[in-house]
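Quick notes on the structure that follows.
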Amino acid sequence: MTLAEVVPSASDVITDSQRADYEANGYLCLPGFVGSDWLDELRSVTADFVEASRAETASGKVFDLEPTHTAEAPRLRRLISPVDQHPTYARFTFEGPPAQLAAALLGGPVRYHHSKLNFKWSDGGEEVKWHQDIQFWPHTDFTPLTIGVYLEDVDDDMSPMGVLPGSHLGQLYDLYASDGAWAGAMGDADIAGLDLEKMVYLDGPAGSVTVHNCCMVHGSLPNHSPRPRPLLLQTYSAIESYPIGHIGANGVTGANGGRICGGEASQRLTIGGRTMHGAPDWSRKGPPTIFGSQQNDDTGG
Ligand SMILES: O=C(O)CCC(=O)C(=O)O
């Protein structure tokens with residue numbers, strides 16, 4: 001799809017002041033941004049997945065289940081990579097409101113990275129400890145952002161996502177534990193240095209959208225309310241930002257990872273202040289040899 005098909009005009013999607021807020025604070029919360037047609041469709045597909053999870057007894061490639069999940073009382077932590085599970089999620093993420101918002105915020109076509117649906121089930125749905133995202137999937141710049149859509153009304157009792165305004169411009173924390181194992185969360189000493197009083201919790205009616213930059217300190221508390229808190233999240237970067245291979249989740253985010261919304265990849269990138277025009281993407285058909293490329297007689301692997 002062309003950019004014009006995904007985003008007719010950025011000003012149709014967000015105001016200049018919202019974009020300036022995002023740049024300054026590293027997050028946005030847009031109440032009711034996703035309309036009822038999309039919500040109805042997403043909820044119906046999601047209900048089918050919850051139903052299907054009843055047949056599962058352990059986490060796998062589709063579902064991340066809480067240890068107490070049963071057929072009678074499903075308890076899902078996450079639907080993994082929704083865009084790869086159902087065309088409705090794919091259409092929503094690649095052409096729908098989140099793609100439009102990402103393109104409006106990043107100023108052009110965007111590169112999709114990954115998606116997930118965090119359920120945070122009722123009566124004890126697990127916390128997401130304070131962390132930043134970029135260490136999980138470093139990129140060649142810091143443009144990646146994640147757009148979340150609440151599929152149900154979320155109030156303060158349901159453990160909405162919390163963000164620390166401005167922290168996206170600060171320190172990049174070490175998410176390893178003191179024993180050297182990957183923890184995926186900040187350590188106690190670093191958390192002690194945060195001003196948690198300044199944490200902003202992003203709640204709102206169903207269809208509300210959260211945006212947070214990849215360097216934002218964020219997380220959420222356990223959900224002790226009687227209602228699950230489904231948050232559909234999708235991550236995009238600017239088109240000239242690339243995931244750096246062999247670190248964390250990069251390269252293992254599903255068949256659609258790297259897909260461009262609203263344009264074509266230019267293969268241009270800037271690293272260490274130097275810009276280059278990189279070779280085409282050979283990740284799907286395999287690389288040609290340098291001999292074949294230079295003699296113009298290769299077809300790729
Ligand atoms: O679900 C949430 O509250 C936070 C999600 C999040 O930070 C993550 O999954 O990385």
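First listed ligand is number 1; within each ligand, the first listed atom is number 1.
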- [ ] Decide whether Thr146 and Thr235 meet the rule of one side-chain donor and one side-chain acceptor closer than 3.5 Å.
- [x]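 Looking only at side-chain atoms, Thr235 and Thr146 do form a donor-acceptor pair, the distance falling under 3.5 Å.
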Task: Trp182-Phe136 aromatic ring centre distance below 6.0 Å - done: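 That pair passes the under 6.0 Å test.
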Open item on the list: Using a 4.0 Å heavy-atom cut-off, which part of Arg229 comes near ligand 1: side chain, backbone, both, or neither?
Closed with: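 The answer is the side chain.
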Open item on the list: Just to be sure I read this right, does ligand 1 sit under 4.0 Å from the backbone of Thr146, its side chain, both, or neither, counting only heavy atoms?
Closed with: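 It is neither; nothing of Thr146 touches ligand 1.
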Open item on the list: Regarding ligand 1, does Arg78 bring an N or O atom to under 3.5 Å of one of the ligand's N or O atoms?
Closed with: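 By distance alone, the answer is yes.
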Open item on the list: Check this for me - ligand 1, Ser159, N or O atoms closer than 3.5 angstrom, yes or no?
Closed with: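 There is no such contact.
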Open item on the list: I'd like to know whether ligand 1 has His131 as a neighbour, heavy-atom separation below 4.0 Å.
Closed with: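 In this structure, His131 qualifies as a contact of ligand 1 - some heavy atom is under 4.0 Å.
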Which residue and atom name correspond to the protein heavy atom nearest [atom], and how close is it?
atom                   : result
atom 8 (C) of ligand 1 : Lys116 NZ, 3.8 Å
atom 3 (O) of ligand 1 : Ser220 OG, 2.6 Å
atom 5 (C) of ligand 1 : Asn118 ND2, 3.2 Å

TODO: Would you mind listing which atoms of ligand 1 come within a distance below 4.0 Å of any non-hydrogen atom of Asp133?
DONE: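 The atoms of ligand 1 under 4.0 Å from a heavy atom of Asp133 are 10 (O).
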Are [X] and [Y] within salt-bridge range, i.e. N to O under 4.0 Å?
X      : Y      : value
Arg77  : Asp64  : yes
Arg43  : Glu152 : yes
Arg227 : Asp155 : yes

Task: Expected output: side-chain His114 to main-chain Tyr236 donor-acceptor under 3.5 Å - done: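 Judged by distance alone, no pair lies under 3.5 Å.
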- [ ] For atom 7 (O) of ligand 1, state which one of His212, His218, Gln132 supplies the nearest heavy atom.
- [x]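 Ranked by closest heavy atom to atom 7 (O) of ligand 1, first place is His218.
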Open item on the list: For a side-chain contact (heavy atoms from CB on, under 4.5 Å) check, start with the C-alpha distance between Leu65 and Glu56, then their side-chain angles and the critical distance, and finish with the verdict.
Closed with: CA-CA 9 Å; Leu65 305 173; Glu56 305 296 326; 3.9 Å; yes
